[in-house]
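Naming: A, B, ... by sequence-line order, numbering from 1 per chain. Being a predicted model, the structure only gives us computed values, none of them experimental.
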Number of protein chains: 2
Amino acid sequence: MSLRVRKNRVQAPSESCPLTECMSILGGAWTPNIIWFLSESPRRFSELRIDIPRISAKVLTVRLRELEAKGVVSRAVKPTSPPSVEYALTELGGELIPAIESIVKVGYKLKLQAVAS
Amino acid sequence: MSLRVRKNRVQAPSESCPLTECMSILGGAWTPNIIWFLSESPRRFSELRIDIPRISAKVLTVRLRELEAKGVVSRAVKPTSPPSVEYALTELGGELIPAIESIVKVGYKLKLQAVAS
DNA sequence: CTGTATCCTGTAGGATACTG
DNA sequence: CAGTATCCTACAGGATACAG
């Protein structure tokens, strides 16, 4: 089975650099994807699950909680009859976007590179 | 035991976005650190081990090989009596720097945030 | 709908010992 | 010095089932 594509792991070397500090956010599993989608527009839990099909509910929850704890993402429960929760990037979270954009940009080049070679 | 601080993992969702593509580079373990130090100046294997004390030789090798394969890092063997190998960022590798800088920048804010809260 | 709890697996990466 | 090989562990994350 396993449509698994690739796995990496980030181990924070120490509390030394902010790089590490931040990578503990971006490096975390699907986090970049979550932030990416959230940057387009706020989203509900199930919407994120659709956006990122392969992520499991558990992990999505965990990541979301982490991001929330770090003040990167906000969580708003709307007391509607079917409960809905809206996640959005906070201002701080927005600051991650340029970082991610840089990554996307390079990723794009990398892809071209891969094709070219 | 384990002075282990933190571990994350990146799982590429699919070949979809360049984000993922690139995160397979940055997301990989100590990779951001490696690139970071390499961006300051080219370095030898053992120098990197000193820069990043907690990384094991094995992983450093693996990461370096990967980065090399992706055209992000160049490897130059100097035929000196004690063999020395110099690693440096390629031009493509240099493109990762803004991404990493963004990450560092946000990481810094995150740190302040953490202290403040 | 939005999670949470449990179980299980794959694998990243450390440690250690050895090589050219 | 610059790795390589082997073994082993921790843990991220999937799957599934269940809950408010």
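Look at NZ on K78(B): it is 14 Å from P on dG3(D), rounded to the nearest Å. Spacing between atom CD of E86(B) and atom C1' of dG3(D) amounts to 17 Å, rounded to whole angstrom units.
Of the candidates dG3(D), dC1(D), dT4(C), the closest approach to any side-chain atom of P82(B) belongs to dC1(D).
Interface residues of residues 36-48 of chain B facing DNA chain D, ordered by number: R44(B), F45(B), S46(B); criterion, heavy-atom separation under 4.0 Å.
Nearest approach of P42(B) to E47(B), heavy atoms of both residues: O-OE1, 4.5 Å. Of all non-hydrogen atoms in A99(B) and S102(A), the two that sit nearest each other are CA-CB, 3.2 Å.
Distances shorter than 4.0 Å separate some side-chain N or O of R65(A) from OP1 or OP2 on dT4(C).
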Just the table, please: protein N/O against nucleotides 15-20 of chain D N/O, every pair under 3.5 Å.
none

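Inter-residue side-chain proximity for V104(B) and W36(B) is flagged as met; some heavy-atom pair is nearer than 4.5 Å.
Side-chain N or O atoms of R63(B) include none that pairs as donor or acceptor with a backbone N or O of W30(B) at under 3.5 Å. No side-chain donor-acceptor contact under 3.5 Å links R75(B) to the backbone of V73(B).
Within the nucleic acid shown, S84(A) comes within 4.0 Å of sugar-phosphate atoms alone, with no base atom in reach, counting heavy atoms only.
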| request: Could you go through the side chain to side chain contact (heavy atoms under 4.5 Å, CB included) check for V72(A) and V106(B) one step at a time? | output: CA-CA 10 Å; V72(A) 168; V106(B) 176; over 6 Å; no
| Pair L48(B)-L64(B), side chain to side chain contact (heavy atoms under 4.5 Å, CB included): steps then yes or no | CA-CA 10 Å; L48(B) 283 171; L64(B) 249 15; 4.0 Å; yes
